[in-house]
Amino acid sequence: MTPADLSGYVLAAARAVFDERGLDRALLPDSAGVERPRNPEHGDYASTLALQLAKKAGTNPRDLATAIADKLTQQPGIKSVEIAGPGFLNIRLEAAVAGEVARQVVTAGETYGHSTAMSGQNINLEFVSANPTGPVHLGGTRWAAVGDALARLLRAAGAAVTTEYYFNDAGSQIDRFARSLLAAARGEPIPEDGYGGQYISDIAAQIVTAHPDVLSLPDDEAQEVFRTAGVELMFAEIKSSLARFGVTFDVYFNEKDLHERGALAAAVERLRAQGHVYEADGAVWLRTTDFGDDRDRVLVRGTGEMTYFAADCAYYLDKRGRGFDRVVIMLGADHHGYVGRMRAMAACFGDNPDRTLEIRIGQMVNLVRDGAPVRMSKRAGTVVTLEDLVDAIGVDAARYALARYSADSPIDIDLDLWTRATDENPVHYVRYAHARICSVLRNAAELGLTRGEDFDPSLLSHEREGDLLRALAEFPSVVATAAELREPHRVARYLEALAGTFHKFYDTKGLRVLPRSGEPATDVNRARLWLVEASRIVLANGLGLLGVSAPERM
RNA sequence: GCGCCCGUAGCUCAGCGGAUAGAGCAUCUGCCUUCUAAGCAGCUGGCCGCAGGUUCGAAUCCUGCCGGGCGCGCCA
């Protein structure tokens, strides 16, 4: 019996009570939450349904709880229902019913935790989208870890997801990049507003090697060569860094294509047709203040140039035109000022931004070593990059460290901590649990002990086994909630709790999975193999959602 | 000045209205005569920033203040 099953039974019991008493079923909620009480004395699961409904039902919570409990105890598999405090329902399950979870997990395998909670939704998820003027910095790296994990979560929850990288290859920052490369190739100092760092010299040198005559060209022609070749090289490097990090995108979208297609002007005309465009001071404006923005925004400058914002409008329109009903964009905290204008822009197109556009803001990331901030990068000067982080602590620790905190919270990543291969390091704690289980399974195989076709779930009756089973049963709802709230860190925290529950189970005296040498294997050993395999599957699936490897040996 | 985020144990952080607010780290003490001690058990630690409000019930929701981070261009 899963928590979802139990929730259904609680609701059904309440429904029966309402019918008997002639109360309106419409007063009942769509689902009855059951939760795992911290205090084991409060049962395996608890429901607060009676507390929530008593007033509507015109009675007191304890009376209603008693009536629901009477119905609920008739449900096979429910061992007991107690009424506690003001009207809590404290529910205990039969061991046999609780143990079924192990079978369900093993049967579902890699798909355990998947649901159809979000099926039918077609989501475009854009993240990183770093400019091709430099390596991916730490903020982008956070989104690479969180965004990729979120894509996996949304898919596990049944949504159709397209991940997308907006490749910003037009505009003045590219000019600055090209000028910087040219200057570096000529051995001149970094231009005003230019980019510095070792990578600029490296790329410039590569371009000179490939185009030996480039330095003898006139400035504008030389700069064009550096622009085209530089962007290409830089983007290849970005893609390769992300690939090393385990992140690839379904779509790499070029801003240039929007320009070449005339999509910006088309978007402006569309907005004009909607009646939100006006001209003032020689520029073309979008009246975003109609929809709550602080100030109106320029679409076309007095010079006739399109703004970056106009490209944003065209890009949003393009995504919607490709059939996505929800556009999710992940941005750093330094861009949160865009939220207002982006939402207003969507509204100007006639969309309801509450439904079609979702902008997630992630706070800053800093690296710390020996208690002091790390601000230098060999490759990029004062900007710390994805490569710096991966070089320092590896892909698994980096992804886990970035995904384990709420995106709302600024984080300092302590490189010493995350490098350490000890229990102080959360990612090791979780991965070690997986490796430990794999070791047990290897030993079982050596003993010729297999879990067999079936097992007796009532044999998993030890308190520690019950703890583990309940933790395993929680996983699908953790995944669904994390997807719904766009919060992958919930998966990491869950895994840490699950790993802890497993280690406690494993270290309990007298509770061995395998028989001691010389002793015969029993059905209890076989049942525990099911439990342990189920635990392994959930750890592996959870780590998989975060893009972190689950090693068989450590 | 306006907007967004944060404020929970000594430190780093969980906790989408429920019972006695949790974990890891740090300090200290135990546990390998059999499945990985990279682990477990125990000890210590709290005006959940402050003040009101909503509620049977608030760390959680609302309002105001205080403190910190970030942002408010015809830049990208």
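To find a chain, count down the sequence lines: A is the first, B the second, and so on, and within it residues start at 1.
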Counting only side-chain heavy atoms from C-beta out, which of C5(B), G39(B), C31(B) sits nearest to D408(A)?
C5(B)

Between the CD atom in E269(A) and the CG atom in L271(A), the distance rounded to the nearest 0.5 Å is 9.0 Å

Considering only atom C1', compute the distance from G24(B) to G69(B) and round it to an integer number of Å.
25 Å

Of the listed A14(B), C35(B), G39(B), the closest approach to the S409(A) side chain comes from A14(B)

Find the distance D334(A):CG to G73(B):P and express it as a whole number of Å.
15 Å

Report the nucleotide, chosen from U34(B), C5(B), A37(B), that has the shortest atom-to-atom distance to any side-chain atom of S517(A).
U34(B)

Sorted by chain and residue number, the ring pair (Phe, Tyr, Trp, His ring centres under 6.0 Å) partners of Y199(A) (sequence neighbours excluded) come out as none

Heavy-atom nearest nucleotide on RNA chain B for G337(A) versus R490(A): which residue maps closer to 5'?
R490(A)

Side-chain (W418(A)) to main-chain (N425(A)) donor-acceptor, under 3.5 angstrom:
no

Those residues that, when tested against E484(A), pass salt bridge (Lys or Arg N to Asp or Glu O under 4.0 Å) (two or more places apart):
none

Could you pull out all residues at least two apart from D281(A) that satisfy side chain to side chain donor-acceptor pair (under 3.5 Å)?
none

Can you list, by residue number, the residues of residues 474-486 of chain A that have a non-hydrogen atom closer than 4.0 angstrom to RNA chain B?
T481(A), L485(A)

Does anything in residues 276-284 of chain A come within less than 4.0 Å of RNA chain B? Heavy atoms only, and list the residues if so.
A280(A), D281(A), A283(A)

Where the side chain of T307(A) meets the backbone of A310(A), is there a donor-acceptor pair that is under 3.5 Å apart?
yes

Could you check if the base of C35(B) is syn or anti? Syn means the glycosidic torsion is within 90 degrees of 0.
anti

So which one's nearest nucleotide on RNA chain B is more toward 5', S439(A) or Y308(A)?
S439(A)

Among residues at least two apart in sequence or on other chains, which ones pass ring pair (Phe, Tyr, Trp, His ring centres under 6.0 Å) with Y166(A)?
Y315(A)

How would you summarise protein contacts on nucleotides 17-30 of chain B per nucleotide, using B for base, S for sugar-phosphate only and - for none, with heavy-atom distances below 4.0 Å?
-BBB-S--SS----

Among C5(B), C13(B), C16(B), the one nearest any side-chain atom of Q363(A) is C5(B)

Acceptor/donor pairs from residues 431-445 of chain A side chains to any protein atom, 3.5 angstrom cut, sequence neighbours excluded:
from: R431(A); atom 1: NE; to: S549(A); atom 2: O; distance (Å): 3.0
from: R431(A); atom 1: NH2; to: D396(A); atom 2: OD2; distance (Å): 3.2
from: R431(A); atom 1: NH2; to: S549(A); atom 2: OG; distance (Å): 2.8
from: Y432(A); atom 1: OH; to: R436(A); atom 2: NE; distance (Å): 3.3
from: H434(A); atom 1: ND1; to: P551(A); atom 2: O; distance (Å): 2.8
from: R436(A); atom 1: NH1; to: H503(A); atom 2: ND1; distance (Å): 3.0
from: R442(A); atom 1: NH1; to: E552(A); atom 2: O; distance (Å): 3.0
from: N443(A); atom 1: ND2; to: S439(A); atom 2: O; distance (Å): 3.3

Ignoring hydrogens and geometry, is there a side-chain-to-backbone donor-acceptor pair from Y405(A) to D412(A) under 3.5 Å?
no

Say you pick atom P in A23(B) and the same atom in A14(B); how far apart are they, in whole Å?
16 Å

Between F167(A) and F235(A), how do the two ring planes meet: parallel, tilted or perpendicular, split at 30° and 60°?
parallel

Counting distance only, does the side-chain N/O of R142(A) pair as donor-acceptor with the main-chain N or O of Q363(A) below 3.5 Å?
yes

Please determine whether a side-chain nitrogen or oxygen atom of N443(A) lies at a distance below 4.0 Å from atom OP1 or OP2 of U36(B).
yes

Taking G42(B) as the reference, what is the distance to A58(B) when you measure between their P atoms (whole Å, please)?
31 Å

What's the closest nucleotide to the Y405(A) side chain, out of U12(B), U34(B), C74(B)?
U12(B)

Which pairs of donor and acceptor atoms, one on a side chain in residues 292-301 of chain A, lie under 3.5 Å apart (sequence neighbours left out)?
from: D293(A); atom 1: OD1; to: R297(A); atom 2: NH2; distance (Å): 3.2
from: D293(A); atom 1: OD2; to: T288(A); atom 2: OG1; distance (Å): 2.9
from: D293(A); atom 1: OD2; to: R297(A); atom 2: NE; distance (Å): 2.8
from: D293(A); atom 1: OD2; to: R297(A); atom 2: NH2; distance (Å): 3.4
from: D296(A); atom 1: OD1; to: T288(A); atom 2: N; distance (Å): 3.3
from: D296(A); atom 1: OD1; to: T289(A); atom 2: N; distance (Å): 3.1
from: D296(A); atom 1: OD1; to: T289(A); atom 2: OG1; distance (Å): 2.6
from: D296(A); atom 1: OD2; to: Y278(A); atom 2: OH; distance (Å): 2.6
from: R297(A); atom 1: NE; to: R295(A); atom 2: O; distance (Å): 3.4
from: R301(A); atom 1: NH1; to: E305(A); atom 2: OE1; distance (Å): 3.0

All pairs passing ring-ring contact (aromatic ring centres under 6.0 Å, His included) where residues 512-538 of chain A contributes a residue, at least two apart
F455(A)-W530(A)

Short side-chain N/O contact to G15(B) OP1/OP2 from H489(A), under 4.0 Å
yes

Sidechain-backbone polar pair: R528(A) side chain, L460(A) backbone, donor-acceptor under 3.5 Å:
no

Counting only non-hydrogen atoms, which of residues 290-304 of chain A are less than 4.0 Å from RNA chain B?
R295(A), V298(A), R301(A), G302(A)

Using the C1' atoms only, state how far G57(B) lies from C4(B), rounded to an integer number of Å.
31 Å

Any stem touching RNA chain B, meaning at least three consecutive Watson-Crick or G-U pairs under 3.5 Å, ordered by first number, would be B:1-7 with B:66-72, B:10-13 with B:22-25, B:28-31 with B:39-42, B:49-53 with B:61-65

